[in-house]
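Whatever order the structure lists them in is the order used to number ligands and atoms, beginning at 1. We number each residue from 1, following the sequence as shown.
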Amino acid sequence: MNGRQGPPPAPNISSTPRTIPATPKIALLPTPSLSNGVHTNGVTPNAVRMPEERHIWLVTGPAGCGKSTVAKFLADTLHWPYIEGDEYHPQANVDKMSAGIPLTDADRWDWLTALREASIQQLDGGHPGVVLTCSALKRKYRDVIRVAPYFIPNLRLHFIYLDAPEELLLQRVLARKNHYMGANMVHSQFDILERPTKDEVDVLSVDVSRPADVVMAEALDRVLRTISPETEPDPRK
Ligand SMILES: Nc1ncnc2c1ncn2[C@@H]1O[C@H](COP(=O)(O)OP(=O)(O)O)[C@@H](O)[C@H]1O
Ligand SMILES: O=C(O)[C@H](O)[C@@H](O)[C@H](O)[C@H](O)COP(=O)(O)O
């Protein structure tokens, strides 16, 4: 985010074959039988109308992995709101990080719930999806965000984990200026990092040791492949 040395080049996505979903639509579900099995002289209840799926895409990984870079690109391309996690820290957290002191679990809980609530608010406002950045270094932090579907019907939560070795991210943070996260914080993040495990099936992992345009194009492609089923015409209509 702040202090980036100019944005990386926009990726070449002209070959991306998928259609970008626009606004949420209402899906018609098959007409159900009444729960007591009674059919009313051939008259069936009106089709049940359910909102189509909505999405939170959470871009995760340690400082310098490219969360802001990738998330802004996804949000711009999909025309979805973008929530920059760094902007939701209370001042006390920012002061701590600026002084090179790693946050504790206790420092992070309110921040994580604030990010979850901000995402829900955007979806409540009518957006079909939202892109959020948050390092979400531990599984239990990701689990805080995983509560979101409790509050929003038909919400699907997805993580994009931006994967790169510590030495590479250290170089990127060293080159980044004017950000409260100094390079001295990178090691502490890797110290506590719990990489998403295979059973976290809502996580896509992207290798970010490649150039930014390649990374952004791959992230977009994988997002579109994940959400595209509901953009295809519903054969029941
Ligand atoms: N794939 C990449 N290759 C090279 N530099 C990158 C890449 N992705 C991001 N950067 C640069 O690395 C720095 C950190 O990226 P940023 O998006 O701020 O990461 P984060 O939000 O995860 O801390 C920025 O200067 C950014 O321009
Ligand atoms: O751009 C960055 O350097 C990171 O995104 C960074 O700002 C940070 O990771 C968190 O906002 C702090 O919280 P954590 O210590 O939980 O990562």
Practice task
Identify which of A71, A212, C134, G64 has a heavy atom lying nearest to atom 14 (C) of ligand 1.
Solution key: G64
Practice task
Flag the pair R139 and E194 as a salt bridge only when some basic side-chain nitrogen lies within less than 4.0 angstrom of an acidic carboxylate oxygen.
Solution key: no
Problem - P211: numbered ligand 1 atoms lying under 4.0 Å from its heavy atoms - result: 1 (N)
Problem - Any side-chain donor near an acceptor of the partner, Y180 and D95, under 3.5 Å - result: no
Completion exercise
The atoms of ligand 1 lying under 4.0 Å from a heavy atom of S68, numbered in the order shown, are 17 (O), 21 (O)
Completion exercise
Note: T69, heavy atoms under 4.0 Å from ligand 1, region reported as both
Exercise for the section: Check if T133 has a non-hydrogen atom at a distance under 4.0 Å from any atom of ligand 1. Expected result: no
Handout entry: Ion pair D143/R146, N-O distance below 4.0 Å
Key = yes
Completion exercise
With sequence neighbours left out, the residues meeting side-chain contact (heavy atoms from CB on, under 4.5 Å) with A164 are L168, L169, V208
Handout entry: Distance filter under 4.0 Å to V208 heavy atoms, resulting ligand 1 atoms
Key = 1 (N)
Completion exercise
Candidates R172, K177, Q189; heavy atom nearest atom 2 (C) of ligand 1 found on R172
Practice task
Have a look at ligand 1 and work out which part of A175, if any, has a heavy atom under 4.0 Å from it: side chain, backbone, both or neither.
Solution key: neither
Exercise for the section: For ligand 1, indicate whether the residue R210 contacts it via side chain, backbone, both or neither (heavy-atom separation under 4.0 Å). Expected result: backbone
Practice task
Measure the distances from the heavy atoms of C65 to every atom of ligand 1 and state whether one is below 4.0 angstrom.
Solution key: yes
Problem - Proximity of K67 to ligand 1 by residue part, where a heavy atom lies under 4.0 Å - result: both
Handout entry: Donor-acceptor contact below 3.5 Å, side chain R222 vs main chain S205
Key = yes
Exercise for the section: Could you say whether the N/O atoms of A63 and ligand 1 ever approach to under 3.5 Å? Expected result: no
Problem - Test log, rule ring pair (Phe, Tyr, Trp, His ring centres under 6.0 Å), inputs Y141 and W109 - result: CA-CA 8 Å; Y141 303 160; W109 296 134; 5.6 Å; yes
Handout entry: Selection residues 164-173 - residue pairs positive for side-chain hydrogen bond (donor to acceptor under 3.5 Å, both in side chains), sequence neighbours left out
Key = E166-H187
Problem - Option from L103, L115, D107 for which side-chain contact (heavy atoms from CB on, under 4.5 Å) with H89 holds - result: L103
